[in-house]
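Residue numbering restarts at 1 for every chain, and letters A, B, ... go by the order of the sequence lines. Remember, predicted model here, so these are calculated numbers, not experimental data.
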There are 2 protein chains.
Amino acid sequence: MYQAMSSLGLASESPFKGRPKLSPAPPGTSVLILGAGIAGMVAAYELQAAGYKVQILEYNARPGGRNWTLRGGDAYTELGGFHQQCQFDDGQYVNPGPWRLPYHHHGILHYCKVLRVALEPFVQVNHNAYLHGEKAFGGKPQRYRHIAADYRGHVAELLAQCAQQRRLDDKVSGEDRERLLESLREWGALDAQNRYVAGKLSSNRRGYERDPGGGLSARPQPSVPLSLDDVLDSGLWAMLTAGDNYEMQTTLLQPVGGMGRIGEAFAHALGPIIRYRAKVVDIHQDEHAVHVTCEDASRPGSTFTAQADWCVNTIPLSILSQIPMNVGQPMADAIAAVPYAAAVKIGLQFKRRFWEEDEHIYGGISYTDLPITNISYPSYGFHGRKGVLLGAYMFGLNAMEFTAMPPDQRVRLAVEYGSRIHPQYAREFENGISVAWHRSPFTMGCFGLWSEASRTAHYDDLCQIDGRIVLAGEHASYIPAWQEGAVTSAIDAITRLHQRIISPGAAA
Amino acid sequence: MYQAMSSLGLASESPFKGRPKLSPAPPGTSVLILGAGIAGMVAAYELQAAGYKVQILEYNARPGGRNWTLRGGDAYTELGGFHQQCQFDDGQYVNPGPWRLPYHHHGILHYCKVLRVALEPFVQVNHNAYLHGEKAFGGKPQRYRHIAADYRGHVAELLAQCAQQRRLDDKVSGEDRERLLESLREWGALDAQNRYVAGKLSSNRRGYERDPGGGLSARPQPSVPLSLDDVLDSGLWAMLTAGDNYEMQTTLLQPVGGMGRIGEAFAHALGPIIRYRAKVVDIHQDEHAVHVTCEDASRPGSTFTAQADWCVNTIPLSILSQIPMNVGQPMADAIAAVPYAAAVKIGLQFKRRFWEEDEHIYGGISYTDLPITNISYPSYGFHGRKGVLLGAYMFGLNAMEFTAMPPDQRVRLAVEYGSRIHPQYAREFENGISVAWHRSPFTMGCFGLWSEASRTAHYDDLCQIDGRIVLAGEHASYIPAWQEGAVTSAIDAITRLHQRIISPGAAA
């Protein structure tokens with residue numbers, strides 16, 4: 001059926017073609033997998049299904065890697081020794097890593113289906129959430145719907161007037177001109193004179209001054225649009241488009257109960273082949289096997305070794321570049337060529353869901369030019385007693401600055417900044433937790449930050465099989481930071497590795 | 001806190017100010033409520049809380065009225081005798097009436113909270129769903145994201161070129177001109193030369209020809225935008241804006257398990273005060289009381305009477321206009337002045353969720369110019385084995401035509417039309433059920449269809465208290481068809497009625 005759809009042109013081409021169809025593994029062939037993140041567990045799941053003898057070595061005491069949900073009772077110690085204990089109530093959580101599943105990430109969605117990880121919609125755009133700039137509208141947050149409707153309305157009016165005044169005749173003429181005008185009226189909520197003005201049409205987009213109701217004295221009062229000048233000056237238009245981007249368009253999904261459900265489901269399916277608290281300190285391959293030396297993190301000072309015929313190595317390059325491994329110069333250069341992006345996420349628990357109760361914000365994201373960048377409201381548990389906000393999600397310099405602070409200071413600042421958007425913060429805040437990815441002992445960064453130049457120079461070398469070792473992970477993909485990169489990278493890597501194993505004579 | 005927010009200008013004014021604060025009812029005062037729909041049950045809930053003796057008479061054997069969910073095992077008999085048995089599997093349902101809760105419908109959302117009706121997001125806009133016109137693109141459905149991104153991109157390009165060529169200088173100049181150009185590039189995904197062309201920027205909105213993936217040979221291939229001419233010719237731009245409208249903007253919500261959960265929760269909270277199967281045939285008021293005569297629909301031919309000091313009458317005007325009731329001429333004229341909108345909904349169960357499996361459509365709505373108007377995909381139960389689509393939601397002439405058909409023919413036609421968008425229909429269809437609202441014995445129509453003229457002439461007369469009787473329902477509101485109209489109408493009506501009861505001397 002998928003074939004039929006594709007030939008009808010209804011399906012765009014995806015790099016995920018379903019689970020890999022590997023022929024049976026040569027009896028007794030073993031593969032050692034480094035890292036129980038999404039890439040490592042996908043590789044293990046499929047290699048095991050093909051009959052390989054698989055073992056995974058994982059640094060953390062839990063599966064998932066960056067696929068991770070922090071819940072009440074969880075503890076987390078950063079590089080530098082900062083220790084945090086998550087104090088969220090039952091049912092509350094924050095996802096320090098990935099938190100959204102785009103509809104076109106067919107690979108990770110497929111494994112959610114296979115592993116029966118329940119999904120629910122993730123609300124990205126909320127027309128009632130805020131856009132906020134310190135210098136925009138005197139620092140007063142604006143509802144998304146006001147900026148979105150007014151920017152579009154003014155743009156439509158300007159273009160419609162140009163068309164009407166025959167200034168577009170060299171570009172659009174005749175029937176197209178009439179159709180353009182008709183479409184701009186519909187699209188921009190313009191009146192019959194092609195104007196974007198206060199009235200029923202514009203209020204039907206931006207909302208009313210007084211909403212319609214029932215009975216007597218319930219007549220609606222239209223609202224008054226912002227001027228084009230004010231919208232342009234505010235700069236808030238730059239925050240309108242997040243949900244238009246391919247990776248954040250509807251329908252976005254999330255696992256019920258937190259993103260970590262995927263990693264947990266993989267680990268459950270894989271059974272006892274994952275060895276936790278195994279810190280890889282040396283990787284050595286020879287003609288016959290790959291030998292890996294680990295420190296046992298639960299017994300400091302003690303080491304053990306593991307070996308197998310082949311190795312799928314999903315250790316982030318930020319860590320891998322510090323581990324001795326005898327691969328060729330091209331792969332070694334590639335491993336050293338990719339810096340890791342800085343990112344910080346902060347989860348804040350509040351005594352009540354004031355954003356729902358006072359402000360009628362159900363899920364979605366408010367954007368701000370404050371260092372916290374955004375405030376994300378939970379897309380689940382509506383009308384519950386308490387709630388956890390993603391109180392900050394920072395990249396770049398802001399993230400670096402927050403990474404340098406101790407966790408309690410990060411949380412304090414997130415509350416301080418957030419209270420400029422939600423004054424209720426001060427009174428309702430209970431507790432918080434933060435993850436600064438450059439201090440994460442298992443990744444030392446958030447994701448591989450490829451440039452056009454580094455990708456041209458090194459990407460293919462990174463992905464080639466080197467002897468008995470192949471790398472996989474989001475860093476070995478064209479979708480940095482997304483789990484789909486890890487899934488498709490793992491499938492590509494093991495498919496080529498399997499081919500190499502069963503046809504050793506074939507070309508690389 | 002809400003007061004504080006309002007004074008900050010953060011909350012727009014809503015007609016719902018929280019549950020009405022009624023002073024204690026005069027001891028022994030009774031109110032008869034006609035109809036156990038949302039309006040009737042809100043009235044009962046609040047009057048009971050104030051100490052009134054309340055009874056509800058309801059025609060159906062269930063609560064909710066148009067708040068209604070059809071599930072497997074449910075039966076439904078239309079006017080004309082058409083009988084349908086819902087054959088959906090467990091967990092599948094269709095909402096024949098309301099199916100969406102806007103975030104700004106504070107009243108109905110408040111009762112969901114009070115009654116602990118669990119809510120989840122309803123996906124309205126899905127960038128991967130279709131827009132379809134019989135004559136557009138040879139009848140081939142287009143992904144929403146293609147039409148949305150390309151229409152916007154071309155509009156932005158046209159306006160940016162006008163600005164660049166100084167054709168806008170009389171409207172936008174100086175700094176604003178530069179800001180406009182910058183904003184159009186961001187908003188329309190234009191390149192540095194203000195062009196909307198094939199490449200990474202436009203693909204980041206409309207999707208790729210080949211999506212990015214992991215490993216080798218996973219390089220993304222950009223897609224090629226449609227021309228402005230093709231987009232304008234298609235007419236599909238007219239289907240872009242549903243989700244921009246105030247009533248269908250994000251965040252939309254729905255009760256977990258079907259809209260009928262609200263009516264069921266109200267009935268549970270109200271206890272045994274609802275008498276079902278009571279068909280009102282006469283309403284008579286005198287100086288002391290209101291007397292209502294009913295046929296007991298479970299024992300044909302038998303009648304009974306009920307009486308109370310006062311009456312809140314929520315019977316739809318389409319029915320009420322046929323029931324003798326001694327009210328003054330103004331209210332009588334108003335009752336007769338409002339025709340009811342025609343609407344048909346058809347639910348279709350399929351053996352598998354091909355829209356998810358083959359086409360990666362998770363929730364949302366496809367729009368078409370075929371008579372079925374739209375196909376709506378469930379926003380819940382993703383990756384489940386079976387699924388129910390809303391296979392048609394028709395108004396006006398299309399609805400009239402389908403209302404004239406027997407239910408099995410409606411379903412057959414919905415499958416036939418739908419298969420032009422989803423060829424899988426033919427093979428995967430299992431069973432269906434339809435509700436043609438003009439054949440509904442309890443409403444004989446979908447909702448009160450006010451015109452500007454009829455509202456000016458009659459609306460206030462409809463809402464005035466007439467002796468001991470006050471009307472309520474969506475028909476007595478400025479939000480026709482929406483449950484919020486019923487809620488706010490009921491609160492407005494009982495607040496005034498209560499005032500009349502405790503201050504009988506006060507003016508009407």
If you count heavy-atom pairs within less than 4.5 Å of chain B, which of Met248(A), His154(A), His475(A), Gln161(A) leads?
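The answer is Gln161(A).
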Is [X] close to chain B through its backbone or its side chain, or both, or neither, when contacts mean heavy atoms under 4.5 Å?
X: Phe122(A); result: neither
X: Arg455(A); result: neither
X: His104(A); result: both
X: Val172(A); result: side chain
X: Leu109(A); result: both
X: Glu120(A); result: backbone
X: Ala493(A); result: neither
X: Ser223(A); result: neither

What part of [X] gets within 4.5 angstrom of chain A, counting heavy atoms only: side chain, backbone, both, or neither?
X: Arg116(B); result: neither
X: Lys171(B); result: side chain
X: Val123(B); result: side chain
X: Tyr380(B); result: neither
X: Glu182(B); result: both

Testing the basics here: between [X] and [Y], what is the closest heavy-atom pair and its distance to 0.1 Å?
X: Arg167(A); Y: Asp170(B); result: NH2-OD2, 2.7 Å
X: Cys463(A); Y: Leu216(B); result: CB-CD2, 3.6 Å
X: Gly213(A); Y: Pro15(B); result: CA-CG, 3.5 Å
X: Gly215(B); Y: Tyr459(A); result: O-OH, 2.7 Å
X: Pro121(B); Y: Phe382(A); result: CD-CE1, 3.8 Å
X: Arg179(A); Y: Trp237(B); result: O-CZ2, 4.2 Å

Glu178(B) atom CD, neighbour heavy-atom count above 12 within 6.0 Å:
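Yes - once you tally the heavy atoms of other residues, nucleotides and ligands closer than 6.0 Å, there are more than 12.
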Interatomic distance, [X] atom [atom1] to [Y] atom [atom2] [nearest 0.5 angstrom]:
X: Thr251(B); Y: Ile361(A); atom1: OG1; atom2: CD1; result: 9.0 Å
X: Glu357(A); Y: His106(B); atom1: CD; atom2: NE2; result: 13.0 Å
X: Leu159(A); Y: Leu159(B); atom1: CG; atom2: CG; result: 5.5 Å

Can you say whether the rings of Trp187(B) and Tyr151(A) are parallel (under 30°), tilted (30 to 60°) or perpendicular (over 60°)?
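Trp187(B) vs Tyr151(A) ring planes: perpendicular.
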From the options Arg152(A), Arg206(A), Arg205(A), select the one residue that forms a side-chain hydrogen bond (donor to acceptor under 3.5 Å, both in side chains) with Asp244(B).
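Exactly one candidate clears the test, Arg152(A).
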Have Ser14(B) and Asp211(A) got a donor and an acceptor in their side chains that come within less than 3.5 Å?
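Short answer, no.
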Chain A contacts, top residue of Ser477(B), Gly485(B), Ala476(B), Ser183(B) (heavy-atom pairs, under 4.5 Å):
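With the most close heavy-atom pairs to chain A, the winner is Ser183(B).
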The test is side chain to side chain contact (heavy atoms under 4.5 Å, CB included); show your working for Leu158(A) and Leu180(B) and say whether it passes.
CA-CA 11 Å; Leu158(A) 280 176; Leu180(B) 178 64; 4.1 Å; yes
Leu184(B) vs Val155(A) side-chain heavy atoms within contact, under 4.5 Å:
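Counting from C-beta outward, Leu184(B) and Val155(A) do come under 4.5 Å.
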